[in-house]
Amino acid sequence: MAAKEAVAVAEPKKKSATPKVDAESMATRQRDISVSEFFAKNRHLLGFDNPRKAMLTTIKEAVDNSLDACEEAGILPEIAVIIEDLEPTRPASAKSSRYRVTVVDNGPGIVRKQVENIFGRLLYGSKFHRLKMSRGQQGIGISAAGMYGLITTGRPMAIFTKPKAGQPTHHIELAMNTKTNRAEVTFDKEVKDFPPDRLRKLSAGTRALAEQSGFLTATEFPTGTSVSIELDGKYQRGRGSVDEFLELTAIANPHARIVFVPPTRVTEDDEPDVLTAAEASAAAVAKVTTETNGVIVFPRGVHELPRETKEIQPHPKGIELGILLQMLKDYEATEKGGTLFKFLQDCFCRVSASTASGMCEAIGLTSRTKVADVGPPQAEKLFKVFQESKLAPPPTDCLAPIGVRQLLAGMLKGVRAEFYAASSREADVYRGRPFQIEAAIAFGGELPGDETARVIRFANRVPLLFQQSACSSFKAVSETGWKNYNLSQPRGGIPVGPLVIMIHMASVWVPFTSESKEAIADYDEIRKEMKLALMECGRKLGTYLRKRQRMRREGLRRDVFERYIGEIAKAVHAIMGADPKAIYDALLEQANARTAVADQVLDEDGKVIKDEEPSGPDDDGVLIVHDAIAPAVAQLSSTPFAPLDFGNSNKKQASQAGATAKGATRQPRGTGDAPSRSKGKSKPDAAASPKRTAKQAPESAARAELRARAAKAASRKPGGGKPSNDGPRLF
Amino acid sequence: MAKQKTPSAPARTKKERDAATEKKIVTLATDVAKRSLAGHEPTVRVPTRTKSNTLWNKKKGILQMGPAAQERGLFNLSQAKSFMQTMLHSSSIKDLIAAEKTLSLRGMFYKGLHTVAGTKEKTFADQDESDGILEDLEVSLAALREELHIFAKKAGTMVGNITIIDSGDEIDCRRMGSGGYAIPSIVEPDVIKFKKCDAKFVLHVEKNTVWSRFNEDRFWEKHNCILTEGGGQPPRGVRRLLRRLNEELGLPVYCLLDCDPWGHYIYSVIKQGSISLAFESERLAIPDVKYLGIRASDYRTCGLSDDVQIALNDTDIKRAKEIAAYPWFQGHKGWQREIDGMLNNGFKMEVESLITKDISYVTETYVPQRLKAKDWLD
C-alpha cells in the first residue's frame with residue numbers, strides 16, 4: 001500500500017517544472033559511494049595534491065610495496081626506480097608534464113588472479129587486517145597511484161610480474177573503474193621479457209650500467225614485479241623530492257640496493273661515449289652512492305634483512321568494545337561452540353590460561369561458558385576487566401627497529417657533522433599496539449649553525465616528507481628542552497643550531513593523521529617515548545659538548561703552563577745552575593699529565609668511535625668525527641705556542657719527542673692551531689708542518705678517508721649503513 | 001757647612017746580609033728544581049697578606065702577620081703566571097746582589113720585562129703586577145726590601161736639629177733650605193747613621209704643603225725638634241726613620257694629620273703597622289706615637305668658620321666606622337669619642353683649615369698650645 005501511495009505521489013513530481021523534493025525522491029538518488037570514487041574526488045587525502053607530490057607519492061607507494069614484498073619473501077631488495085619524460089619537448093615553463101614512472105623489484109611476484117585486486121582496487125591488501133610491522137597498511141597506495149595516472153592521462157597502468165623463476169611473465173594492463181572499485185583488464189599476455197629489456201636501454205647511463213650487470217639483470221630478478229604508471233607530474237629536486245625520498249629510504253633501509261634513473265630530456269640518441277666502460281663498471285660495484293651519467297645508485301650496505309617480524313594478536317587493552325563484540329561474533333562463526341576461555345587465549349596476545357580463567361570468573365562466567373552464551377552485558381563487563389587487568393605489554397618481536405648502529409651509519413652517510421648520537425627506546429604500547437621509537441642526532445661539522453634544526457622522520461622505515469608540523473615527532477622535538485644540552489631554542493620551537501634530528505617510529509600500526517601517511521598522530525604515549533629518545537640523544541650531546549669544552553679548557557690550561565715553563569727553567573738555571581732542559585722536560589711532562597683530558601680523544605688518530613667497544617647492542621650510541629671539530633677549536637686557541645728554544649735545536653726536538661712519547665700527542669691539537677697560525681705569524685716547525693698542512697685542507701683526502709673508515713667501522717656491525725663520500729646531497 | 005765624606009758604611013755587615021739573601025733565593029730555586037725533577041708541582045710559599053691573616057698583638061701594640069700562607073703552584077691556572085714572575089724576580093734579585101746595585105720598583109719591572117718565548121705575551125703586564133710579586137717575595141723570603149736591593153721612590157721630607165750620615169755623606173738637617181732632606185726608602189743603619197741630634201721630639205705632618213708652612217716659620221728651630229712629612233700615607237722609608245728616631249734616640253713622635261678617616265688611618269699605620277706590611281711592623285710601628293690633631297672638637301674650640309667644613313660622604317662614613325672597629329681603636333675610649341665626634345660633626349677638616357684663622361696659626365698657636373697642654377690622643 002505504502003509503495004503504491006509513494007508511486008502516486010511521485011508521479012506528478014515528474015511532470016512538475018519545479019519538482020518537490022521529499023524523502024522518496026531523495027531516496028532515488030541515495031546510493032553507494034564507491035571508495036574509489038571518493039578518493040578520486042579527494043585525491044589530496046592520498047597525497048596527490050599537486051603534480052610534483054603526485055609523482056613522489058606514486059614512487060613512494062610503489063617502493064614501499066616492493067620493499068615490503070621483498071622482505072616478507074626473505075629476498076634482499078633490488079629496486080629500480082625509473083622516471084621517463086614523455087614530453088621532452090614541452091616548453092620549460094610548463095607546470096607539469098607527462099611522465100612514465102616505473103618501479104621494478106626482485107620480489108616474489110604476484111600470482112595472476114590477484115593482479116587486478118592488488119593494483120585495481122582501493123582498500124584491498126594483505127596488511128590491513130594483521131598486526132605486523134610493514135610499510136604499507138591500508139591497501140590504498142599503489143591502486144590510488146594507478147587511478148591518479150588513469151584520471152590524468154587516460155593511460156592504464158602496466159604490470160609485469162613473474163611469480164616463478166623460469167616461468168613466463170604476465171604482462172597486464174589495468175584501468176580502474178572508479179564506479180565499481182574494480183579493475184578492467186585492457187591487455188593480458190604472457191611474455192618472456194623480465195625485467196623489461198626496454199628499461200635497460202633508456203639512456204647511456206642505463207645501458208652502460210646494464211652492460212656491467214649493475215642494472216635490471218635477469219639473474220638478479222628471477223622473480224619480481226614491474227609497475228609502470230603514466231601520470232601528469234612534475235620532477236623537481238630539493239625538499240620533498242623523489243631524490244630526497246630515495247636518499248632517506250636508502251638511509252633507513254641499508255639492506256636494499258636502489259637504482260634511480262631520473263628523467264632526462266634526451267632519451268633516444270644520446271652520446272654513447274660519455275660513459276666509459278671502466279666508469280660504468282666502477283658504478284656497478286661501488287660501495288658508496290654514486291651518480292654516473294644521470295643514474296644514481298644507492299648501494300647495499302648490509303647483506304642481512306631486517307629481523308623477521310612476527311604477526312601478533314591484538315592486545316586486550318588495545319581494542320574497543322564494538323570490536324570485542326565483533327570478535328566474539330566472528331569467533332562463534334568460525335569455531336562453532338568455542339568457549340570464552342579458548343577465545344581469550346586464541347584471539348588475544350598476552351592472555352595465558354590462568355589469566356583467561358581469571359577473566360571469565362571476574363565477569364561471573366566459567367571457563368566452560370560458550371562464546372555464543374556471552375551476551376552484550378557480559379561482553380561489556382569483559383571489556384572493563386580488560387582495562388583493569390594487569391597484563392604484560394604486547395610482545396615486541398613484531399617490531400624491527402633500525403637499530404642504533406644503523407641509525408648512526410645512516411646519519412654518518414647523509415650528514416656531515418662532528419657528533420652523532422642515537423638511541424633506541426624499549427618498545428612501548430599505545431592503544432594496545434606495540435611501537436618503538438628511535439632517535440638520532442647529528443651535531444656540528446658542516447651543518448649550518450644559524451638555522452633551525454632539520455627534523456627527518458621515518459615511520460616503519462618510510463621517510464615522511466610532508467606535514468612536519470602536524471607530526472607528533474615535531475611536537476616532541478619542540479617540547480624537548482634543548483637548552484639543557486647547550487643548544488639555543490626559541491620558546492616552544494625547534495632548536496637552532498648545527499643539528500639534524502632523526503626520529504623513527506616502528507609499529508605494527510603507525511597512526512597516521514591521514515591516508516597519505518605524512519604525519520604521525522599525536523598520541524601521548526608516542527610523543528612521550530619520542531621525547532625520551534630525544535632526551536637520551538640530547539644528554540649524550542650535552543655530555544659531549546661539556547667534554548669538548550673541558551678539552552678546550554685543558555688545552556688552554558696546558559698552553560698557559562707550557563708558556564711559562566721555559567721561563568721558569570731559565571730562571572732556575574740562572575739562580576742555581578740546574579740543567580734548564582731537564583727542568584723544562586720534567587715540568588712539561590707534568591703539564592701534559594695534568595692536562596691529559598686535552599689529549600683524551602685526540603690520541604686515536606683523530607677520531608674515536610666509542611661503539612666499537614664490544615659492549616653489546618645497548619652501547620652508548622655515540623659517534624664522533626673529530627676531524628670535523630678542528631675549525632671550532634681553532635677559534636678558541638688564539639695563542640700559538642712554540643716550545644722554548646734553548647739555543648739548541650736538537651734539544652728542542654728531543655723535548656718535543658719526549659712529550660709526544662708520553663702519549664700526549666701534540667699533533668692533533670696542532671690541527672686546531674693551524675688556521676690561527678697561518679693567519680698570524682706562523683712559527684716554522686719543520687717536523688710538524690707537512691702533517692699539519694695535510695690536515696688543514698678543508699676537504700682533504702685524509703678527511704674523506706677518515707669518514708669512509710668511520711662509515712666502514714659502523715657498517716661492519718650487523719646492519720650497518722653504507723659509506724658514501726658523495727657529500728650531503730640532501731642535507 | 002757642606003757635605004763631608006766619611007768612611008763608607010761597614011761593608012762586612014752588608015756583605016753578610018747579601019750572602020744571607022742570596023742563600024734564601026738559591027734555596028727557593030733549588031726547591032723548585034728538586035720538586036720539578038721529582039715530578040712534583042713546584043711551589044713557592046707565600047705568607048698571606050690579608051686582613052684575615054693580620055693579628056693584633058695587644059701586648060706589643062702592633063699588627064703582626066699571622067701564620068697563614070698560600071702555596072703558589074705552577075699548575076694552578078690562576079697562579080701559573082705569578083709563579084713564573086716570582087722566579088723571574090728571584091733571578092733578577094740575585095743579579096742585583098751580584099752586581100751590588102739597587103733598583104727601583106719600576107727598575108725591577110723593566111728588568112724582568114720581556115716577551116715570553118714563543119708568544120706575544122709579556123712577562124709583566126704592568127708595574128703593579130711586578131710590585132705585587134716583589135712584596136710577595138719579601139714575605140716569602142722573609143727579607144726586607146733593601147735586602148733585596150730594591151728601593152721605592154722617595155716620598156718624604158725631613159728637616160730639624162739633627163745631623164746624619166747618608167751613604168757616607170754627612171748631612172746637616174738644619175741647613176736644608178726650603179726643600180728639606182729627602183728621606184730615602186732605605187734608611188737602615190748601614191745607609192743612614194745619626195751623628196748628632198739635639199732635637200727633643202719629632203713632629204710628623206701629613207702633607208708637604210703643611211710641612212713647608214712649618215719649615216718657613218722655622219718651627220723646628222724654635223721648638224728644637226725634627227720636622228717630617230710623608231706625602232699622605234708615609235712610605236716605609238719615612239716610617240722606618242721615624243721608628244729609628246723614636247727607638248734609637250728616644251724622641252717622642254707627634255702627628256699632625258687631617259681630621260678625616262684617611263688621617264686616622266695614617267695614624268693607625270704609623271702606630272700599629274699596616275695590613276700589607278704586617279710582616280714589617282716590628283721594624284716600622286711606633287706604638288707610642290701621639291695624635292696631635294686636627295681633632296673633631298677643634299672646629300668649636302678654635303672657632304673655625306663654616307667654610308672649612310667638608311661634608312663626609314658615604315665612603316668616609318663607612319671607612320670611619322671600619323676604623324672605629326679596629327681592635328686597637330675599639331677599646332680606646334678617646335678614639336671612639338674622636339671618631340664619633342667627627343661623625344656627629346658630619347664633616348671633615350684639613351690641617352690647612354687653620355689658615356683661616358691666621359697664616360701661621362698652626363705653627364705659632366695650635367701646635368705649641370697642644371704640646372704644652374699635652375693635649376693629644378695616643
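Order of the sequence lines sets the chain letters (A, B, ...), proteins ahead of strands, with each chain counted from 1. Side-chain atoms are counted along with the backbone in the values below, which use heavy atoms only and exclude waters and symmetry mates.
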B/Lys94 to A/Ala574 - nearest heavy-atom pair and separation
NZ-O, 3.9 Å

Checking A/Gln590 against B/His40 for the side chain to side chain donor-acceptor pair (under 3.5 Å) test, could you report, in this order, the C-alpha distance in whole Å, the side-chain angles of both residues, the deciding distance, and whether it holds?
CA-CA 8 Å; A/Gln590 279 195 58; B/His40 297 298; over 6 Å; no

Taking the side chain as every heavy atom from C-beta outward, state whether B/Gln85 and A/Glu567 have any pair of such atoms under 4.5 Å apart.
no

Work out which heavy atom in B/Ser36 is nearest to a heavy atom in A/Ala586; give both atom names and the distance.
O-CB, 3.3 Å

Indicate yes or no: at least one non-hydrogen side-chain atom of A/Tyr564 is less than 4.5 angstrom from one of B/Phe83.
no

Counting only non-hydrogen atoms closer than 4.5 Å, does B/Asp95 touch chain A with its backbone (N, CA, C, O), its side chain (CB onward), both, or neither?
neither

Residue list, ring pair (Phe, Tyr, Trp, His ring centres under 6.0 Å) with B/Phe279, at least two apart or on another chain:
none

Would you mind checking which part of B/Val26 comes under 4.5 Å of any heavy atom in chain A, side chain (CB onward), backbone (N, CA, C, O), both or neither?
both

Take A/Arg563 and B/Glu121 through the side chain to side chain contact (heavy atoms under 4.5 Å, CB included) test and state the conclusion after the steps.
CA-CA 9 Å; A/Arg563 235 180 286 157; B/Glu121 187 184 355; 2.6 Å; yes

Which bit of B/Thr86 comes within less than 4.5 Å of chain A, counting heavy atoms only: side chain, backbone, both or neither?
neither

Would you compute the distance between atom CG of A/Leu587 and atom CD of B/Glu41 and round it to the nearest 0.5 angstrom?
9.5 Å

Proximal component of A/Ala578, with respect to chain B [non-hydrogen, under 4.5 Å]:
side chain

Taking the side chain as every heavy atom from C-beta outward, state whether B/Ser90 and A/Ile575 have any pair of such atoms under 4.5 Å apart.
yes

Starting from the C-alpha separation in whole Å, work towards a yes-or-no answer on side chain to side chain contact (heavy atoms under 4.5 Å, CB included) for B/Leu74 and A/Ile565.
CA-CA 8 Å; B/Leu74 167 62; A/Ile565 286 172; 4.1 Å; yes

